[in-house]
Amino acid sequence: MALSHNSPALFHQGLPARLRLVVAAVSATLLMQLDYHASMTQPLRQGINTVLYPFTELMMMPRDILIALGESLRSGQSLREEITKTREQEIARSETLLAMDKLRSENDNLRGLLALQKSLPGATLAAEVRAARPAPVHDVVVIDRGSESGIKAGDPVINSAGVIGQVSRVFPLTSEVRLLSDKQLSVPVFLPRLGVRGLTRGITGEDAFELRHVNLAASIQIGDVIQTSGLDGLYPPGLPIGIVTSISESGLSPFPVVTGKPVASVAVTRQVLVLQSRGAKQ
Amino acid sequence: MTLRETLAREPSRRLLVYSFLVALLFNLWPWPHQFPAPDLVAVLLVFWSVQTPRRMGMTVAWLLGLVMDAHQGVLLGEHALIYCLLTYGAIALHRRMTGFGPAGQALHVAGLFLVVLIVGGVVNWFADSTPLTLWILVETIVNALGWLLVHRLLLTILKRRPASRPARPAKIVS
């Protein structure tokens, strides 16, 4: 049309930039909604992570080489010391193990007498922490075992000191583990000294957790031991979680604010154990 | 516009692709927790959007963002949104920025990063009520410094490229 107000563009330039931004922003927001509310995006995430896997491994190589070099350079003296220490620990533990074997058979016997279900020792899988997820808003680490090794989302992860966290996402060759200090992880716990139950909730970035819904009347003290209660059927009961580090009155809620510190840390040892016994989804 | 920029040639497609690959590998490096490493992919998106706005697009930014989301284990779409905003902002600012020297341009980049990181912080706040922290300022400064470095390095490369090879005015992803 000769009298048209909009003169046609001389060159084809596609959609205007502002419209393209709107399309991109809306699609990104939709994807976030999908990812947040449904697990439909899991295959997409798995696909990208599987393609990225060789590259992330490649980029971790210099660090791994440095670690290996550091270990090979350690003097024989310190290695000998470590061997002696480990042997002493082994002897000390063998005693406990023997006592535990006896207790377990006794316990099975009693449970049989009471017609209760026997507590089954489940399969475990050793894994190593590869890296921490760099996002500062989450306390998540990546371990070197995935669905190929039979890991499922929700599996508890422990080391020799106690509970570390829980598997949150599984990829074919790696998995993400949410640490106890991650805000999105809650574990039902038990304070053996007082016999009170509660729930942990991580405080991201502080290597600590909050103890929620504990009994108002309980006289919690700093240093109290916190263990898993096993009420969720996911964690075996009685695993060490941490110790109480501070108690303060909260202004708003009737519950006191109790914070604790995890006893197990991935900063010290990188070897962890995944408990595959229950394997139920979170 | 500095002399360096005037003399800079149109980058080849290969340079664009390789620079993004290097940036992606840099971002995959296992940085220690809370180490203020610049997001080199974002920095590069800003740099190329200013340098050759016609050849950068939302699609590249969106897809690169998705890759970073999957790698960092955050909500899929978070980085996609941030990278698209950065690209748009950089393309919108590219004419204005040519009137400044590197330091002035870095200030523009810092402002752009600050705005976009605040948007990202708000998204995080909606997603899992993570409060906005001053960490954003640290990230802004680190990324602006990263931009200065990338700016210097890539302009040197662009200036040195032989003139015999004509630049192809094609986009990476249409």
Side-chain angles (χ1 to χ4, degrees), chain A residues 13-15 17-36 41-42 44-53 55-64 130-142 168-169 171 176 178 182-184 204-205 207 267, chain B residues 21 24-37 39 53-54 57-59 61-63 65-85 87-89 91-92 119-121 123-133 135-136 138-139 171 174:
Chain A
Q13 290 185 326
L15 292 172
R18 211 164 290 175
L19 187 62
R20 259 187 279 178
L21 175 71
V22 171
V23 171
V26 168
S27 56
T29 316
L30 274 178
L31 188 65
M32 277 188 258
Q33 288 286 336
L34 267 181
D35 196 34
Y36 190 69
T41 46
Q42 184 63 11
L44 177 65
R45 197 184 275 277
Q46 281 201 351
I48 299 173
N49 266 300
T50 310
V51 174
L52 280 184
Y53 179 74
F55 298 103
T56 46
E57 286 298 303
L58 179 77
M59 295 319 282
M60 267 190 255
M61 243 190 215
R63 191 201 61 176
D64 288 352
R130 294 295 288 154
R133 284 286 189 227
V137 292
H138 296 291
D139 272 346
V140 175
V141 293
V142 182
S168 56
R169 282 194 196 113
F171 305 110
E176 283 180 11
R178 239 184 244 296
D182 189 276
K183 201 169 52 180
Q184 289 181 7
T204 300
D207 191 26
Chain B
L21 269 180
L24 204 57
L25 284 178
F26 178 89
N27 277 15
L28 294 184
W29 187 273
W31 297 106
H33 204 46
Q34 300 245 332
F35 180 83
D39 183 347
R54 282 181 178 278
M58 300 280 167
T59 325
W62 206 91
L63 290 175
L66 198 63
V67 171
M68 284 316 296
D69 285 328
H71 170 64
Q72 295 204 349
V74 295
L75 271 184
L76 288 182
E78 242 181 85
H79 282 83
L81 177 68
I82 290 174
Y83 286 3
C84 284
L85 287 173
T87 307
Y88 178 81
I91 292 177
V119 172
V123 168
N124 262 328
W125 182 59
F126 270 113
D128 49 9
S129 57
T130 311
L132 281 165
T133 57
W135 181 250
I136 281 177
V138 177
E139 282 184 289
K171 283 190 173 182
S174 56

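Numbered from 1 within each chain, the chains take letters A, B, ... in sequence-line order.
- Residue A:Arg169 comes nearest to B:Gly73 through the heavy atom pair NH1-O, 3.0 Å, listed as atom of the first residue, atom of the second, then distance.
- From B:Asp69, atom CG reaches atom CG of A:Asp35 across 8.5 Å, with rounding to the nearest 0.5 Å.
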So A:Leu31 and B:Trp62, side-chain contact (heavy atoms from CB on, under 4.5 Å) or not? Walk me through it. CA-CA 11 Å; A:Leu31 188 65; B:Trp62 206 91; 3.8 Å; yes
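- Taking the side chain to side chain donor-acceptor pair (under 3.5 Å) definition, one finds that B:Asp39 meets it with B:Asn27, B:Tyr83, sequence neighbours left out.
- Rounding to the nearest 0.5 Å gives a distance of 7.5 Å between CZ of A:Arg20 and CD1 of B:Ile91.
- In terms of heavy-atom pairs under 4.5 Å with chain A, the best-connected choice from B:Gly65, B:Cys84, B:Ala70 is B:Ala70.
- Neither the backbone nor the side chain of B:Ile82 comes within contact range of chain A; no heavy atoms are under 4.5 Å apart.
- Atom CD of B:Gln72 and atom CD of A:Glu176 lie 10.5 Å apart (nearest 0.5 Å).
- Among B:Ala80, B:Ala127, B:Ala37, the residue with the largest count of heavy-atom pairs under 4.5 Å with chain A is B:Ala127.
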Please step through side-chain contact (heavy atoms from CB on, under 4.5 Å) for the pair B:Leu81 and A:Met32, ending with a clear verdict. CA-CA 10 Å; B:Leu81 177 68; A:Met32 277 188 258; 3.9 Å; yes
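- In this structure, B:Tyr88 has no ring-ring contact (aromatic ring centres under 6.0 Å, His included) partners at least two apart in sequence or on a different chain.
- Each of B:Phe26, B:Trp31, B:Trp29 was compared with A:Met59 under the side-chain contact (heavy atoms from CB on, under 4.5 Å) criterion, and only B:Trp29 meets it.
- How far NE2 of B:His71 is from OG1 of A:Thr56: 7.0 Å, rounded to the nearest 0.5 Å.
- A:Leu21 CG to B:Thr87 OG1: the interatomic distance, rounded to the nearest 0.5 Å, is 9.0 Å.
- Contacts of B:Leu66 with chain A are made by both backbone and side-chain atoms, with heavy-atom separations under 4.5 Å.
- Of the listed residues (B:Leu24, B:Val123, B:Val67), the greatest number of heavy-atom pairs within a distance under 4.5 Å of chain A belongs to B:Val67.
- One finds the CG atom of B:Leu76 at 6.0 Å from the CD1 atom of A:Ile48 (value rounded to the nearest 0.5 Å).
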